[in-house]
Amino acid sequence: KPKLQRISKADRARRIRRVYDDAAYEIIRQISVHCAERARLLAYVWVSSSDALSNLTDRFALQDENHKKDIKKLQLALARANTAYETLSKFVCDSANEEGL
């Protein structure tokens, strides 16, 4: 069985956007045969909305990356806290055993 390569959500979104861009430009090209003004207006609207979507996608990808870094930091802090807890717990148990409690 061949292994499938996992792609990020951001890369998947970019690929999908490329397909839509290609389709939109073909529609715009066909419209331009009949009415150049409508084609220019449609191209302007498409590019504007595509740029806005691209900016949002990039922003979400950056936030996702930052969240992953934050999660790693929190996991490390939790591991350290668990280690400190185990050390302190062992110390308390050992102290209690020494005192006969």
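Side-chain contact check for D51 versus W46: every heavy-atom pair is 4.5 Å or farther apart. Looking at F60 and Q63, their side chains come closer than 4.5 Å, going by heavy atoms from C-beta outward.
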Anything under 3.5 Å between a donor and an acceptor, one on a side chain of residues 27-45, the other on a protein residue two or more places apart or in another chain? List them.
| residue | atom | partner | partner atom | Å |
| --- | --- | --- | --- | --- |
| R29 | NE | E26 | OE1 | 3.1 |
| R29 | NE | E26 | OE2 | 3.4 |
| R29 | NH2 | E26 | OE2 | 2.7 |
| Q30 | NE2 | E26 | OE2 | 2.8 |
| S32 | OG | R29 | O | 2.5 |

Only pairs under 3.5 Å count here: list side-chain donor-acceptor contacts from residues 85-93, not counting sequence neighbours, and write none if there are none.
| residue | atom | partner | partner atom | Å |
| --- | --- | --- | --- | --- |
| T87 | OG1 | T83 | O | 2.9 |
| K90 | NZ | D94 | OD2 | 3.2 |

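The pair R14-D11 meets the salt-bridge criterion, since a charged nitrogen lies less than 4.0 angstrom from a carboxylate oxygen.
Residues satisfying the salt bridge (charged side-chain N to carboxylate O under 4.0 Å, His left out) criterion with D64, sequence neighbours excluded, are K68.
Applying the salt bridge (Lys or Arg N to Asp or Glu O under 4.0 Å) test to pairs two or more places apart or on separate chains, none has a residue in residues 70-85.
Within the hydrophobic cluster formed by Ile, Leu, Val, Met, Phe, Trp and Tyr side chains joined at under 4.5 Å, directly or through other members, I71 stands alone, with no partner residue. Hydrophobic cluster membership for I7: none, as no Ile, Leu, Val, Met, Phe, Trp or Tyr side chain comes under 4.5 Å of it.
Taking CZ from R17 and OG1 from T57, the interatomic distance works out to 4.5 Å, rounded to the nearest 0.5 Å.
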